[in-house]
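Take a look at the structure below.
Ligands are counted one by one from 1 in listed order, and the atoms in each one are counted from 1 as well. The structure presented is a predicted model; accordingly, all values stated were derived computationally and were not measured. FYI, side chains are in, hydrogens and waters are out, and symmetry mates aren't considered; it's all heavy atoms of this structure.
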Amino acid sequence: MPELPEVEITARRLSSALEGAEVESALAPGMVALKTFDPPLSALTGMAVSGTTRFGKLPVVQFEGGTEGRLDLLVHLMSAGRLQVFDKRASLRDRASRVLIRFTDGRELRLREFGTKQRAWAKLLRDGEVEGDEMVSTLGPEAWPAPPLPELGKALDQPRLLHPLLRDQRAIAGIGRQWADEILWEAKLSPFKRGADLSEDDVAAIYDGLSVLGSAIDHYEDVIGAEPPNKMPLPLKVHKQEGKPCERCGTQIETVFYSEHQVNYCPEEQTGGKVMKDRRLSRLLK
Ligand SMILES: [Zn+2]
């Protein structure tokens, strides 16, 4: 699942690959993927890519020129979407294609989605409309670079468990399941502690823990070439590492499984030695 570091490196690579590329045509074979109709996707024809940026986990491809002056393609990759540049055009039978933007130089920017579900989406917006989009305007402060301590403390001062709280884009933007595990492991804090119960030291530990996002981006800068791969080389130390020894203390990494995701942690350093119950099992036993 692409989170802040993966979307950041994607945006950087797309910027270098596409800046100045002129759009020949654009289409949306994924019928439900394009969530806007005005301006139409055809308005991109003749415009050139001026850059790519992101808000939280949402990449934005920017276009300039033509009668519209400026248009932004805001994308939500959901769990299985990828934004990639290809040298050749996709066959329209490529069932993973949701949005295709074809350039006059023969290349193609594709929003693809793996799996059977169509959940990724894109919106084509006029200049200045991205910031007002309901999803973008409700984002909390960006998780990287970390917000100032008082702002972070305020964002996390909620009576909710830390793991879902960190993943709530309205509280803090850019974190998903993978990086929530990593940040809390770095901070040596329990995923089951409540945000409202954090001490000042705890908030400072999360602040420091957020630096794993920057380290991941640095890692991607080193190992990812011009084209980000389908599967990112995630530098994870705790997420999905159950059964392996904790890199710091050697204790076996534990898991709590939920119906659609899992939380990993080091019991020695994060939950006071306590191994938490498997939520799938406890639900069955109720
Ligand atoms: Zn440990």
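One finds a salt bridge joining R12 and E221 here, because a Lys/Arg side-chain nitrogen approaches an Asp/Glu carboxylate oxygen to under 4.0 Å. Between K237 and E182 no salt bridge is recorded (no basic side-chain N to carboxylate O distance below 4.0 Å). A salt bridge does not link D181 with R167: every distance from a Lys NZ or Arg NE/NH1/NH2 to an Asp or Glu carboxylate oxygen is 4.0 Å or more.
Ring orientation note: the planes of F192 and Y265 are nearly perpendicular, at an angle over 60° on the 30°/60° scale.
When the Zn ion (ligand 1) is compared with the N/O/S atoms of E269, atom OE1 turns out nearest.
Within the 2.8 Å limit, E247 places no N, O or S atom next to the Zn ion (ligand 1).
In this structure, SG of C249 and SG of C246 enclose an angle of 110° at the Zn ion (ligand 1), rounded to 10°.
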